[in-house]
Amino acid sequence: MKFFPQHFDAMLPKNGYPPWYSAFESFYPRRLKKRLDDCFANPIHGVPGRYIRCFNRYSNDYNDTMYYDGTSKPCLNLSSYNYLGFAQSVGSCTDDSIEAVKKYGTSSCGPVNTIAHNDLTRSTEKVLADFIGKDDALVFSMGYGTNANLFTSLVNSKCLVISDSLNHGSIRFGIRLSNAAVKVFPHNDMDKLEKIVRDAISQGQAKTHRPWQKIMVCVEGLYSMEGNLCNLPKLVELREKYKFYLFVDEAHSIGALGETGRGVCDYFGVPPSKVDILMGTLTKSFGAAGGYVAADQAIIDRLRLDITTNIHGESQPPAVLQQISTSLRIISGELNGNEGRERLQRIAFNSRYLRLGLKRLGFIVYGADDSPVIPVMLYTPPKMPAFSRMMMERGIAVVVVGYPATDLITSRVRFCVSSALTKEDIDKILTDCDQIGDKLYLKFGSGIAGGEKVPGDYKKGIRPRWTIEEVLEKTPEDCKHPMF
Amino acid sequence: MSEFTKTIIRESTDEAPEFVVSFASKAVHQWYNFIHFIEELPGGLLIINYIKASHKNDPWRTLLEVLLALLALRYFLASKYSQDEKDKVVLSNKEIDDLIDDWEPEPLVQPLRKDERWQLDAIPSVEGAITKHVNVIDPNTNQKLTDVLNFASKDYLDMSMNPIVKENAIKVIKNIGVGACGPPNFYGTQDVHIRVCEDLARFLGAEQGIIYGQDFCTPTSVLPCFLKRGDILIADGGVNIALQKAAVISRCDVEWFNHNDLDHLEEILESLQDVLSDGPLNRRFILTEGLFENFGDSPDLKRLVEIKNKYKFRLILDESNSIGTLGPNGRGLPEVEEIPRSEIEITMGSMANAFGASGGFCLGVKGMIYHQVLNSSAYVFSASLPPYAARAASTVIQLLEDAEITGSENPIIAPLHQNTKLMHKLFRNSPSLKNLVKLRSSDYSPVLHLRINHELRRQLNLPEGYGGPGSKSLMNLYNLRF
């Protein structure tokens, strides 16, 4: 910083003004993350559907400035949240959205409680509530904003919120904003959770030992970095016993899990009335944007009146509302006949096939077998840019995640499966992963997670690591078995 | 006692008195017993030999090593529990079960009272598009009232139904679809997003810009990037709720100055000077709005810029309501007072009001914007804006720029200014309303703020103010002091 102050403009004090941010705080982004920056924040154009067109770029000064030459490359898209393939520019959803823009305009023109509570909002909320199985729902224009402002209306400083240690940043932000007391339980550890709840109820608030007004447990349906689900049946059982309120954030699981796509409640067979507040986002499975909250009528009435976003912030623009409404009706089967069922079946097959194939090849894959989020472990940070660049050369766009979203030495590549991918696409992905995995020494697993080649191998000590030809031959049928 | 000890006593008896001698002999005797005892313990011989080897005629070194050993012992044997555990009440399992059975939580939300139910029903239910005239469903009779004049929408420039804007938005939806399907850092940034950032920066005269999905979440995400514990924020008492929450959540030291009272601001800055000059160089900001959402007036920006330059503070201006409405070309409050945008370090704004799209934005210098890309929670953890909204905002900016005429008002904004002036004149000069309502907003504000007049308040038995930072200014207005 002494020799080249022009590079560190924002970090040095100038003319008596303090720096914008400290050099110490930004050490990791500047020195370590910057080397990988060409894997992140790739501008794209076109529909983020089955293929995504990434702009080609290069940098002469280690990713400080990027130069674009205007050309773009179509890559197979494993990076966008497009679980049911609704990111399309043709189809009934798009036609309806265009009609909505023509009729209602481009903007929502104000907060919901002032002017924007129109018939489109009402009908979309009704369709959403029917889909989820709750009394009523509220729709907001940003998923992050839903969580950020929701907790202020539900809990205050005399309430306790117990949240999972791997909860999303928006939930943590919302709880902090509400000033409630927080306790964290280890990820998916139901015994520890029970112990914390018992302690909390019996001890009461800190220092005064008065009883807590409310206790709320916040979990997510599908964790986006791990790919595993919450233990919903056990949580509902604990809820019956201890009378706390349950909040489930179905950001990734709504539309993608379950027989009819109704999320994690559908997947476990738990009636939605057993969960107090079901929150979710509409970006991932529905090709729209924004978030929703679904609960009983009394709660929704109170939230409709009290939530600050409804009173002061903007609401969903009409095109997005129409997209949500149409896609929900397609999934539930009201529109377009079997299209919804076909999409749900395709994503179930795609996620199981890709996951089983990767496990058999010898990669370490986290998460539950049915989840459409497939994290493959890379462990060391340098393998992140290597994997991403090699995949990009082969024409596949992937997302690599490292610190601070995960631990420093457990970086991973996260495949987001979509129902727009065909079986041939997944075959290509498996072949490329096989080649890259050999080159980068990524096959840490023994392959036993994918099942034995011949039954009885495990006892003999044979740990199979399948070759790519065997995988492509056997896996499409095997992945339909509940055993794998 | 050894020969050595006896020798010491004999030699020192000439000078020391009797009791010191006996005390010294007893002490030495105890010391040697102690050393002998340690030698008996397992490993004791090792300790004694180590101390003998490391002593090297330096008693302070041995003393330091002994103290460190004792400290380590204390640390590892100390209780691992936090303070919370210390004031925990010890209960048996049966007692815990009883307490759990007894505990009755409050209902998750309080049921609505009658007046709140009325408030909920009074939310206007609109049918169809939201333009100059809307169709509203009467809550009492459930009948549709047609052609109701719309004074409630924030679409100041009527851009939501503009045919060119709609056409461009439809083109984008035909090409790209509706959603962006990803966070901006993971393949969610499209070329339309980058273009709208460039357009905003060029239109408003800033270096670079960044966009967010919702205008309400922008302040709560931008401020904590640059303000942490130990930094100082001096905010106007009448800022809107998003800015208030942002100030609180960033955990910095916040000072509130009376609404639009720049003398009070100078007073606060003067009183802080000793603290600021002694302490470390922490980040310092002044926060205010271009057009206040709660009051409809503006700060004296020229004087504010002088003050902030004098005391070396940075200025944050939230221009959600003033961009597109104030100034001959709609460039906001700085254009009215002819101040260059570079004097305002952070500008935050909304694309959902005058620009007829959705989302929020933040403008400033390059380094500051780049920091938000990695550190701003609403940017990193949330999906990016739907591309058609970005394109709609771009189109509106283009329309405004194309219609600009140097030397006179922009013809798109001129009607807004005329209507605002007319409305204010009518309300202010109306003889029938003079005793009932008072106009709080300034003449150029497109949002009219009406307050119930003093006498009518007394007649209706309503309080003067309802608490919060705005009520102080009300009390000042009526010269009431509690």
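Here is the naming used below: chain letters follow the sequence lines, and residue numbers restart at 1 for every chain.
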Chemist: Measure distances from B:F285 to the heavy atoms of chain A and classify the residue's part below 4.5 Å as side chain, backbone, both or neither.
Modeler: side chain
Chemist: Is B:E127 salt-bridged to A:R122, cutoff N-O under 4.0 Å?
Modeler: yes
Chemist: Is there a donor-acceptor pair closer than 3.5 Å between any side-chain N or O of B:R283 and the backbone N or O of A:W20?
Modeler: yes
Chemist: Going by atom types only, do B:S377 and A:Y144 share a side-chain donor-acceptor pair under 3.5 Å?
Modeler: yes
Chemist: Quick one: what part of B:D158 sits under 4.5 Å from any heavy atom of chain A, side chain, backbone, both or neither?
Modeler: neither
Chemist: Tell me, yes or no, whether the heavy-atom count around B:K174 atom NZ, taken from other residues, nucleotides or ligands under 6.0 Å, exceeds 12.
Modeler: no
Chemist: So how far is it from B:N93 CG to A:R198 CZ, rounded to the nearest 0.5 Å?
Modeler: 6.0 Å
Chemist: Tell me, for A:I52 versus chain B, whether the close heavy atoms (under 4.5 Å) come from the side chain, the backbone, both or neither.
Modeler: side chain
Chemist: Top residue by heavy-atom pair count (under 4.5 Å) with chain A, among B:Q190, B:M161, B:H193?
Modeler: B:Q190
Chemist: Which heavy atom of B:V109 sits nearest a heavy atom of A:A298, and at what distance?
Modeler: CG2-O, 4.0 Å
Chemist: Select one option (side chain, backbone, both, neither) describing which atoms of B:T220 are under 4.5 Å from chain A's heavy atoms.
Modeler: both
Chemist: Examine whether an atom of A:D296 lies under 4.5 Å from a heavy atom of chain B, and if so say whether it belongs to the side chain, the backbone or both; otherwise answer neither.
Modeler: neither
Chemist: Under 4.0 Å between a Lys/Arg side-chain N and an Asp/Glu carboxylate O for A:R302 and B:E116?
Modeler: yes
Chemist: Using side-chain heavy atoms (C-beta onward) and a distance below 4.5 Å, is A:K243 in contact with B:P105?
Modeler: yes
Chemist: Go through B:L99, B:D102, B:L374, B:I249 and name the one with the most non-hydrogen pairs under 4.5 angstrom from chain A.
Modeler: B:I249
Chemist: Going by heavy atoms in the side chains, are A:F55 and B:D191 under 4.5 Å from each other?
Modeler: yes
Chemist: Could you look at A:T114 and say if it's the side chain, the backbone, both or neither that has a heavy atom under 4.5 Å from chain B?
Modeler: both
Chemist: Side chain, backbone, both or neither: which part of A:Q322 has an atom under 4.5 Å from a heavy atom of chain B?
Modeler: neither
Chemist: Please flag which part of A:V400 lies under 4.5 Å from any non-hydrogen atom of chain B: side chain, backbone, both or neither.
Modeler: backbone
Chemist: Within this structure, what is the CH2-CD1 distance for the pair B:W103 and A:I215, rounded to the nearest 0.5 Å?
Modeler: 4.0 Å
Chemist: Tell me which of these, B:M368, B:K154, B:R314, has more heavy-atom pairs under 4.5 Å with chain A than the rest.
Modeler: B:R314
Chemist: Give, as side chain, backbone, both or neither, the part of A:K33 having an atom under 4.5 angstrom from any heavy atom of chain B.
Modeler: side chain
Chemist: Is A:N310 close to chain B through its backbone or its side chain, or both, or neither, when contacts mean heavy atoms under 4.5 Å?
Modeler: neither
Chemist: Determine the option with the most heavy-atom pairs under 4.5 angstrom with chain B, choosing from A:N113, A:N77, A:V47, A:T106.
Modeler: A:T106
Chemist: For the candidates B:A352, B:P386, B:S358, B:S384, which exhibits the highest count of non-hydrogen atom pairs separated by less than 4.5 Å from chain A?
Modeler: B:S358
Chemist: Would you mind checking which part of B:K228 comes under 4.5 Å of any heavy atom in chain A, side chain (CB onward), backbone (N, CA, C, O), both or neither?
Modeler: side chain
Chemist: Any idea which of A:T94, A:D95, A:V399 has the most non-hydrogen atom pairs under 4.5 angstrom with chain B?
Modeler: A:V399
Chemist: For B:Y156, is it the side chain, the backbone, both, or neither that has a heavy atom closer than 4.5 Å to a heavy atom of chain A?
Modeler: neither
Chemist: Checking heavy atoms, do the side chain of A:A148, its backbone, both or neither come under 4.5 Å from chain B?
Modeler: neither
Chemist: Just how far is it from atom OG1 of A:T309 to atom CD1 of B:I241, taken to the nearest 0.5 Å?
Modeler: 9.5 Å
Chemist: Measure the CZ-SG distance between A:F86 and B:C181 for me, rounded to the nearest 0.5 Å.
Modeler: 11.5 Å
Chemist: Under the rule for salt bridge (Lys or Arg N to Asp or Glu O under 4.0 Å), what residues qualify as partners of A:D119, not counting sequence neighbours?
Modeler: none
Chemist: Given 3.5 Å as the limit, does a donor-acceptor pair link the side chain of A:Y245 with the main chain of B:L108, or not?
Modeler: yes
Chemist: Could I get the full list of side chain to side chain contact (heavy atoms under 4.5 Å, CB included) partners for B:N150, not counting sequence neighbours?
Modeler: A:I115, B:I130, B:V134, B:A152, B:S153
Chemist: Has the side chain of B:S160 got a donor or acceptor atom that lies under 3.5 Å from a matching backbone atom of A:S107?
Modeler: yes
Chemist: With only heavy atoms counted, which part of A:Q88 is less than 4.5 Å from chain B, the side chain, the backbone, both or neither?
Modeler: backbone
Chemist: Any heavy-atom pair between the side chains of B:Y187 and A:P48 that's under 4.5 Å?
Modeler: no
Chemist: Based on non-hydrogen pairs under 4.5 Å, which of B:C225, B:P183, B:A122 is most in contact with chain A?
Modeler: B:P183
Chemist: Using a cut-off of under 4.5 Å for heavy-atom pairs, which of A:G313, A:G105, A:S89, A:G110 has the most such pairs with chain B?
Modeler: A:S89
Chemist: Go through the atoms of B:Q110 and report whether side chain, backbone, both or neither lie under 4.5 Å from a heavy atom of chain A.
Modeler: both
Chemist: Side chain from CB out, backbone as N, CA, C, O: work out which of these in A:V155 comes under 4.5 Å of a heavy atom of chain B, or both, or neither.
Modeler: neither
Chemist: Drop me the distance from B:K245's NZ to A:L177's CG, to the nearest 0.5 angstrom.
Modeler: 5.0 Å
Chemist: Does any backbone or side-chain atom of B:F313 lie under 4.5 Å from a heavy atom of chain A? Answer side chain, backbone, both or neither.
Modeler: backbone
Chemist: Would you mind checking which part of A:T121 comes under 4.5 Å of any heavy atom in chain B, side chain (CB onward), backbone (N, CA, C, O), both or neither?
Modeler: neither
Chemist: Which bit of A:C416 comes within less than 4.5 Å of chain B, counting heavy atoms only: side chain, backbone, both or neither?
Modeler: neither
Chemist: State the CD-OG distance between A:E314 and B:S320, to the nearest 0.5 angstrom.
Modeler: 10.5 Å
Chemist: Let's test your reading of the structure: which of B:G367, B:G182, B:P124 forms the most heavy-atom pairs below 4.5 Å with chain A?
Modeler: B:P124
